[in-house]
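In what follows, a single structure is set out as structure tokens and then discussed.
Counting from 1, the numbers follow the sequence of the chain as shown. Basis for what follows: all heavy atoms, side chains included, without hydrogens, waters or symmetry-related copies.
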Amino acid sequence: MLPCAAGARGRGAMVALRAGKKSLLRALSRSFACRGCQLAPERGAERRDTAPSGVSRFCPPRKSCHDWIGPPDKYSNLRPVHFYIPENESPSEQKLRKLRQETQEWNQQFWANQNLTFSKTKKLKGLGLRTESGQKATLNAEEMADFYKEFLSKNFQKHMYYNRDWYKRNFAITFFMGKVALERLWNKLKQKQKKSNS
């Protein structure tokens, strides 16, 4: 067992992403095909020293040629992805991978902060409620519904900006996925033409 895999026990195994053979997006799936085996370092590692994180420290096998998805993060509830880096990664592939990594980090950070704010607000809301024996009481369904409505109203602007940025990022990722797929298709066609000419 790899030393970095030892910490992943009990937190769920990572799962390799594999492109389906009969997928309609065959060209896009090929954009992540295996050509060498290196995984991208987690760019949020520096931040992990300053703030606690529930992200698994699982390290995929060295010979892996796929992206790996880990167990849910303790704070954001999102599953982190370890990105595969091909040995001969083109500039477009590198730009796509970095954009995906930045988007994942941005998403993780937003939801970790949002969930922390939600938990703190929920605790503050429930602090004044006590049972006759002095124990902290839980909010009933009606109180929770009011709380959710109030919380969403207060954070409406934040969610609106998040959704706008999320769509921008995902359209950019989709654009670069298409660009990478077309470049790979073009390179394959050029290779076939060279073989037929020789």
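Every ring-ring contact (aromatic ring centres under 6.0 Å, His included) that Phe118 has, sequence neighbours left out, goes to Phe147, Tyr148, Phe151. Every residue two or more places apart in sequence or in another chain was checked for a ring-ring contact (aromatic ring centres under 6.0 Å, His included) with Phe176, and none qualifies. With sequence neighbours left out, the side chain to side chain donor-acceptor pair (under 3.5 Å) criterion links Ser76 to Asp73, Gln108. Take Gln191 and apply the side chain to side chain donor-acceptor pair (under 3.5 Å) test, not counting sequence neighbours, and it matches no residue.
Listed by first and then second residue, the salt bridge (Lys or Arg N to Asp or Glu O under 4.0 Å) pairs involving residues 152-175 are Glu150-Lys154 (not counting sequence neighbours). Note on residues 189-198: no pairs pass salt bridge (Lys or Arg N to Asp or Glu O under 4.0 Å), not counting sequence neighbours.
Side-chain heavy atoms closer than 4.5 Å link hydrophobic residues (I, L, V, M, F, W, Y) into clusters, and following such links, possibly through other members, connects Phe110 to Tyr167. Note on Trp111 and Trp106: same hydrophobic cluster, where clusters join Ile, Leu, Val, Met, Phe, Trp and Tyr whose side-chain heavy atoms are under 4.5 Å apart, directly or indirectly.
Side-chain atoms of Phe83 and Gln104, non-hydrogen and from C-beta on, do get closer than 4.5 Å to each other. Counting only heavy atoms from C-beta outward, the side chains of Tyr75 and Asn113 never approach each other to under 4.5 Å. Residues Lys120 and Lys123 have side chains not in contact (no heavy-atom distance under 4.5 Å, counting atoms from C-beta outward).
Here the CD atom belonging to Gln114 is positioned 12.0 Å from the CG atom belonging to Asn77, to the nearest 0.5 angstrom. Residue Gln157 holds its CD atom at 10.5 Å from CG of Asn155, rounded to the nearest 0.5 Å. The structure places CG of Leu124 at 11.0 Å from OG of Ser119, a figure rounded to the nearest 0.5 Å. For the atom pair OG1 (Thr103) and CH2 (Trp166), the distance works out to 10.5 Å, reported to the nearest 0.5 Å. Atoms NE2 and CG, from His159 and Leu152 in turn, are 6.5 Å apart once rounded to the nearest 0.5 Å. Separating the CG atom in Asn115 from the NZ atom in Lys74 is a distance of 13.0 Å, to the nearest 0.5 Å.
What you find for Glu93 and Asn88 is that their closest heavy atoms are OE1-O, 3.9 Å. Between Gly70 and Arg79 the shortest heavy-atom distance is O-NH1, 3.1 Å. Considering every non-hydrogen atom in both Leu78 and Asn107, the closest pair reads CD1-O, 3.7 Å.
Judged purely by atom type and a 3.5 angstrom limit, Asn187 uses its side chain to pair as donor or acceptor with the backbone of Glu183.
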Margin query: Please determine whether side chain to side chain contact (heavy atoms under 4.5 Å, CB included) holds for the pair Glu89 and Tyr84, giving the CA-CA distance in whole Å, both sets of side-chain angles, and the decisive distance to 0.1 Å.
Written below: CA-CA 10 Å; Glu89 186 177 46; Tyr84 162 72; over 6 Å; no

